[in-house]
There are 2 protein chains.
Amino acid sequence: MSKDLPSDSLSPLPSSARATLNDVASHAGVDVSTASRVLRGDQKQRVGEETRLRILEAAKRLDYQPNITARSLRVAKTFSLGIAVPQLDNPVFSQMIIGAERGARERGYSLLIAHIEEGFPDDDAYERLASANRVDGLLITTLDDNSVVLRAARKARVPVVLLNRAMQGIDNSIYFDSSEAARIAVRHLIDLGHTRIAHLSGQLNPSTGIGRFAGYRDALAEAGIPFDPGLVAVSGYTIKGGAEAMRTVLRQAGTSPTAVFAITLAAAAGAIMAIQQYGIRVPEDLSVVTVHDGPIAEAMFPPLTTVQMPVEQMGYDGAIGLIDLIEGRKTQINSMLHPLQLVVRGSTAAPGQPHDVA
Amino acid sequence: MSKDLPSDSLSPLPSSARATLNDVASHAGVDVSTASRVLRGDQKQRVGEETRLRILEAAKRLDYQPNITARSLRVAKTFSLGIAVPQLDNPVFSQMIIGAERGARERGYSLLIAHIEEGFPDDDAYERLASANRVDGLLITTLDDNSVVLRAARKARVPVVLLNRAMQGIDNSIYFDSSEAARIAVRHLIDLGHTRIAHLSGQLNPSTGIGRFAGYRDALAEAGIPFDPGLVAVSGYTIKGGAEAMRTVLRQAGTSPTAVFAITLAAAAGAIMAIQQYGIRVPEDLSVVTVHDGPIAEAMFPPLTTVQMPVEQMGYDGAIGLIDLIEGRKTQINSMLHPLQLVVRGSTAAPGQPHDVA
DNA sequence: ATGAAAGCGCTAACAT
DNA sequence: ATGTTAGCGCTTTCAT
């Protein structure tokens, strides 16, 4: 008798707390299970058209939003993906994240980000995501250290997709045809008439570095240009590394190069710094080309000629593939993306043009 | 009678599925509530030291990891923070994310990322996070469009902290003393002897842009240098904008400037491009200085003189503050960060040094 | 076509 | 100091 609370509850009344499925159901005068079936868009739902409408309307009126946490608990899935990146402020990784976020979002997943501090890779970064039951799958990227990745992938209790490279012992990956990209870049230099072409490389064990190095050698071989080890130095993937490697090459090369193929944007930027320090002009005295593209390539002086790399696509495909794995639509993800196109800008030109030095 | 299943369950048996609290409890011979109290490190726990140890040991043996989803459902918290960013491939935002991720992690939260597509700000980006019950709080950043942010913050059912600027109508924010940074930058130019100092500015309504513009004018006024509107052009925060604004200034200025203060890294990069296109030399003919710092500033040619901005700190403080808000330890977050220091590199020098033009 | 009921794994009163 | 109990909001058999 004391329960004669204001029962004329026909008003929207999304007063304070979020409406639950229960609220929707009672407002529509049905059981929660029925409401669930409708709202979830259950395939074989067999629900009366009229009730369907009533439920939908109630949901709308109450501004119902499913509680993902509850659903997660019930179906034992988190509907989120984790992505572990070693350096966030590197265009490669940010673009990868953009793509991954888009893929995840399209499929109703969220993207959870884990930054792996350089130098503390062993610690927990991957585990944090993998073992804490927070994600249904893991996208992993790495620079040079393979062992950590391998270990993490093994320990993960969820599907893992490796981005940006293929690796022995890891089944799923989306990677890039680095050697093809390198070949395109070097061929461009050769077409311009260069024969003394230097290469700033990655560490020469991991897959990416090797791929580009191979492409470099292949292109030279095709053109019948002999390979000169004195023209190669390891730069890694940083600006500083690029600058140092460039200096090494300039000092050690018997006959100095007229062009250089840098393994990545950062290395190329470093190289240009070093080159200009020596008073050498780009591209008059030395042409520079690299792989990967983006606003920074345009912003440098001179603007950089690059072979475009579908980095965002890689993130997107990785996310979609990972979700396919999670939801059992696929059992393996393995695809290689190809370089997009050569974008010729101001950093490359024919060798030895008669430009006077000031 | 038919329940004589293999009951000698003393083996570790983390065979397949994750161990639950229940598993731990029964292995330790206690009730789940007791196990919960211990494992959660409940303050006023009053649990026997001996049982405590037994529980801890069982948890370890079974490699128990709490199911956050279940806990979330129970306590009605997700333990995750959302961060919405307009452009991921911009050092400002990536550094902000790095900081935010660290703050969140330190407090046991995860960071969920939402990329706001340029041009589709209205859509759902913020709502996706805010209304889907996926996060306990929101970190928001924005470029120029305030209305969207305001609306999003209003609609959010969770606490919101605005990063990188203060805004009327938004209570919580972590921002940066832009005008102080601008003053430092411009004073540096003045100290070098410059008097014709251009400014590439942001849109002149939002807070950040105004702050820097104000700092620019203040520094000029302090030094008794008259303000010349012909030396100012709006660049916004992009490379392209920087290049265009620089060209505008070079064309329109009656007496050409000997130095330029660009509002941000990207604009400075664009400006340098434009400058070098005209065959003007940096810093001999024209000095360039900007606010914000990072590897890119070092990588450019010439390396850029900048006033350092604690961007990562901003993300970190934002995350910590947001969590304080969520957990009720604070009721308002409002702090202003100050510029770190002036880093003098190759892009600034005294005006009119007797350098011959080639 | 719809409802009843159980339960995902955890926490938090409330007993004892 | 420890156990009992209820329930967070949802999905999913199993009935009807």
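In the text below, chain A, chain B and the rest are named by the order of the sequence lines, each starting its count at 1. The model shown is predicted, which means the values in this text are computed figures rather than measured ones.
A donor-acceptor contact under 3.5 Å is formed by the side chain of R37(A) with the base of dG3(C).
In this structure, E57(A) does not pair ionically with K60(A), as no charged nitrogen and carboxylate oxygen lie closer than 4.0 Å.
Considering only side-chain N and O atoms, T20(B) lies nowhere under 4.0 angstrom from the phosphate OP1 or OP2 of dG9(C). An OP1 or OP2 oxygen of dT12(D) is reached within less than 4.0 angstrom by a side-chain nitrogen or oxygen of R40(A). Proximity of Y64(A) to the phosphate of dC10(D): a side-chain N or O atom is located under 4.0 Å from OP1 or OP2. Phosphate proximity of dG3(C) to S33(A): absent, as no side-chain N or O sits under 4.0 Å from OP1 or OP2. Dashed line: the shortest gap from a side-chain N or O of R52(B) to OP1 or OP2 of dT2(D) is not under 4.0 Å. Within the structure, a side-chain polar atom (N or O) of T51(A) is placed less than 4.0 Å from OP1 or OP2 of dT2(C). In terms of phosphate contacts, S36(B) brings a side-chain nitrogen or oxygen within less than 4.0 Å of OP1 or OP2 of dT11(C).
Among the nucleotides dG3(C), dG3(D), dT11(C), the one closest to the side chain of T34(B) is dG3(D). Which of dG9(D), dA1(D), dT2(C) sits closest to the side chain of R46(B) comes down to dA1(D).
Here the C1' atom of nucleotide dG9(C) and the CZ atom of R18(B) are 13 Å apart, to the nearest Å. Taking atom CG on D31(A) and atom C1' on dG3(C), their separation rounds to 5 Å, with Å as the unit. When the P atom of dG9(C) is taken as reference, atom CD of Q65(B) falls 15 Å away, rounded to whole Å. Atom CZ in R134(A) sits roughly 15 Å away from atom C1' in dG9(C) (whole-Å rounding). Between N67(A) atom CG and dG9(D) atom C1' there is a gap of 6 Å when expressed in whole angstrom units. Per the geometry, CG belonging to L39(B) stands 9 Å off P belonging to dC10(C), to the nearest Å. With rounding to whole Å, I55(A) atom CD1 is found 13 Å from dA1(C) atom P. At whole-Å resolution of the value, CG in N22(A) and P in dA5(C) are 14 Å apart.
Only one option out of V135(A), L111(A), I113(A) pairs with L81(A) in a side-chain contact (heavy atoms from CB on, under 4.5 Å); it is L111(A).
Atoms CD1 and CG, from I333(B) and L322(B) in turn, are 8.0 Å apart once rounded to the nearest 0.5 Å.
The closest side-chain donor-acceptor pair between S33(B) and D31(B) falls under 3.5 angstrom.
Taking each heavy atom of T69(A) and S72(B) in turn, the nearest pair found is CG2-CB, 3.4 Å.
Across the interface with DNA chain D, nearest-nucleotide mapping of V30(B) and L73(B) shows V30(B) to be the residue nearer the 5′ end. When each of E49(A) and V32(A) is assigned the nucleotide of DNA chain C bearing its nearest heavy atom, the one mapping closer to the 5' terminus is E49(A).
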